[in-house]
K.L.:
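Following this message is one structure expressed as structure tokens.
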Amino acid sequence: MIKGKNFFIFIFLGALPCFSSANLVDTNLCAAIFTEKYVAAEFPIPDQKEWHWFQRAITPEKPEHAWIAEPGTLENNVFKSNGLAFSMSVGSANLAGKKEKTGSMKELIEVAKKNAYLTKKPESPAEHENNLNLIMKSEVGAKLVEKDIFILSVFDKSSVALAKSGNPTHMRLRAITSNANSSYECMPKIEYVKISN
């Protein structure tokens with residue numbers, strides 16, 4: 001597979017733990033793509049037929065499954081976010097009235113929440129309002145492009161501009177799942193792609 005060949009396409013998570021590469025996922029397949037109109041991240045996933053979500057016993061206070069992309073810079077193996085993230089997540093603390101679900105990754109993508117948000121905790125009412133507006137108005141989508149790869153992309157002009165601010169060189173991709181063996185973190189270099197009309 002050629003990285004970046006597919007161009008398709010949460011609630012604020014706050015501080016999340018970092019994960020080392022997992023044995024069920026080939027993190028060499030991670031990719032980050034910038035085009036004129038959108039920003040995308042390619043996430044490798046385990047090649048499995050069934051996924052489970054809305055399991056109350058798994059994550060009582062966090063999403064069960066979350067895939068988060070953050071543009072930024074990488075110097076001396078230290079990543080610095082430019083302040084924006086976009087993500088896809090499933091599950092929450094409030095599962096009352098929801099039944100546990102089993103399905104394919106395609107079905108999980110369809111029910112997941114997708115949006116962009118600011119990674120810095122708001123320090124004023126104005127910053128809080130700006131973050132809420134970003135969460136509500138951002139256009140984020142996801143698509144399974146191969147059995148072990150899906151693409152998460154942000155399309156709206158405001159979020160794309162924020163994603164490109166600060167001249168980012170890398171993207172930190174974090175996968176958090178109910179299976180620790182498929183949770184990971186990778187930091188691919190951003191590929192700048194020009195798409196001709």
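Keep in mind that this is a model prediction, so the values were computed, not measured.
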K.L.:
Do Lys189 and Leu74 make a side-chain contact, defined as non-hydrogen atoms from C-beta onward lying under 4.5 Å apart?
P.N.:
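When only atoms from C-beta onward are counted, Leu74 and Lys189 do not touch, as no gap falls below 4.5 Å.
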
K.L.:
Is there side-chain contact between Thr177 and Ser183, with at least one heavy-atom pair below 4.5 Å?
P.N.:
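Sidechains of Ser183 and Thr177: in contact.
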
K.L.:
Search all heavy atoms of Pro168 against all heavy atoms of Ala163 and return the closest pair with its distance.
P.N.:
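For Pro168 versus Ala163, the nearest heavy atoms are CG-O, 3.4 Å.
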
K.L.:
Rounded at 0.5 Å granularity, tell me how far CZ in Phe43 sits from CH2 in Trp67.
P.N.:
9.0 Å

K.L.:
Taking the six-membered ring for Trp and the single ring otherwise, decide whether the centroids of Trp51 and His65 are under 6.0 Å apart.
P.N.:
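Yes.
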
K.L.:
So do Leu84 and Glu70 actually touch side chain to side chain, heavy atoms under 4.5 Å?
P.N.:
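No; the side chains remain at least 4.5 Å from each other.
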
K.L.:
What are the two closest heavy atoms between Val140 and Lys114, and how far apart are they?
P.N.:
O-CB, 3.7 Å

K.L.:
Which heavy-atom pair separates Pro71 from Phe34 by the least distance, and what is that distance?
P.N.:
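Smallest interatomic distance, heavy atoms only, reads CB-CZ, 4.2 Å.
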
K.L.:
Quick one: does Phe150's side chain get under 4.5 Å of Lys143's, heavy atoms only?
P.N.:
no

K.L.:
Between the side chains of Thr73 and Thr169, does any donor sit under 3.5 Å from an acceptor?
P.N.:
no

K.L.:
Write down the atom of Asn82, the atom of Ser165, and the distance for their closest heavy-atom approach.
P.N.:
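Closest heavy-atom pair between Asn82 and Ser165: ND2-O, 3.0 Å.
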
K.L.:
To the nearest 0.5 Å, what is the distance between OH on Tyr192 and CD1 on Ile33?
P.N.:
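So the gap between those two atoms works out to 12.5 Å.
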
K.L.:
Any chance you could measure Lys157, atom NZ, to Glu139, atom CD, to the nearest 0.5 Å?
P.N.:
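Interatomic distance, Lys157 NZ to Glu139 CD, rounded to 0.5 Å: 10.5 Å.
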
K.L.:
Once rounded to the nearest 0.5 Å, what's the spacing between atom CE of Met171 and atom CD of Glu42?
P.N.:
10.5 Å

K.L.:
Looking only at heavy atoms, which two atoms of Ser138 and Ser159 are closest? And how far apart?
P.N.:
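For Ser138 and Ser159, the tightest heavy-atom pair comes out as CB-OG, 3.5 Å.
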
K.L.:
Do you know the tightest heavy-atom contact between Ser87 and Tyr117?
P.N.:
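Reported closest heavy-atom pair: OG-CE2, 3.5 Å.
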
K.L.:
For residues Val25 and Pro46, determine if any side-chain heavy atom of one lies less than 4.5 Å from a side-chain heavy atom of the other.
P.N.:
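Yes; the side chains approach each other to less than 4.5 Å.
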
K.L.:
So, do Leu118 and Leu134 sit near enough that their side-chain heavy atoms are less than 4.5 Å apart?
P.N.:
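Leu118 vs Leu134: side chains touch.
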
K.L.:
Quick one: do Ile68 and Ile176 satisfy side-chain contact (heavy atoms from CB on, under 4.5 Å)? Show the steps, please.
P.N.:
CA-CA 8 Å; Ile68 306 123; Ile176 301 164; 3.9 Å; yes

K.L.:
Could you check whether any side-chain N or O of Asn76 sits under 3.5 Å from a backbone N or O of Val78, counting only pairs where one atom can act as donor and the other as acceptor?
P.N.:
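Judged by distance alone, no pair lies under 3.5 Å.
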
K.L.:
Quick one: CD on Glu50 to CG on Leu108, what's the gap to the nearest 0.5 Å?
P.N.:
12.5 Å

K.L.:
CD of Glu36 to NZ of Lys164: how many Å apart, nearest 0.5 Å?
P.N.:
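It comes to 7.0 Å.
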
K.L.:
Can any side-chain N or O of Glu146 pair as donor or acceptor with the backbone N or O of Asp148 at less than 3.5 Å?
P.N.:
no

K.L.:
When you compare the side chains of His52 and Thr102, does any donor N or O come within less than 3.5 Å of an acceptor on the partner?
P.N.:
yes

K.L.:
Set out, in order, the CA-CA distance, both residues' side-chain angles and the distance that settles side-chain contact (heavy atoms from CB on, under 4.5 Å) for Tyr38 and Val154, then state yes or no.
P.N.:
CA-CA 6 Å; Tyr38 59 86; Val154 61; 5.9 Å; no

K.L.:
Verify the neighbour count for atom CD of Glu127: are there more than 12 heavy atoms of other residues, nucleotides or ligands below 6.0 Å?
P.N.:
yes

K.L.:
Should Ile109 and Met88 count as side-chain neighbours, where that means a heavy-atom distance under 4.5 Å?
P.N.:
yes

K.L.:
Would you sort out whether Glu185 and Thr27 count as a side-chain contact (heavy atoms from CB on, under 4.5 Å), showing the intermediate values?
P.N.:
CA-CA 8 Å; Glu185 180 180 289; Thr27 55; over 6 Å; no

K.L.:
Do you know which of Ile45, Ile151, Ile149 makes side-chain contact (heavy atoms from CB on, under 4.5 Å) with Leu144?
P.N.:
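Exactly one candidate clears the test, Ile45.
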
K.L.:
Report yes if some heavy atom in the side chain of Pro44 is under 4.5 Å from a heavy atom in the side chain of Cys30; otherwise report no.
P.N.:
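They are in contact (side-chain heavy atoms under 4.5 Å apart), so the answer is yes.
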
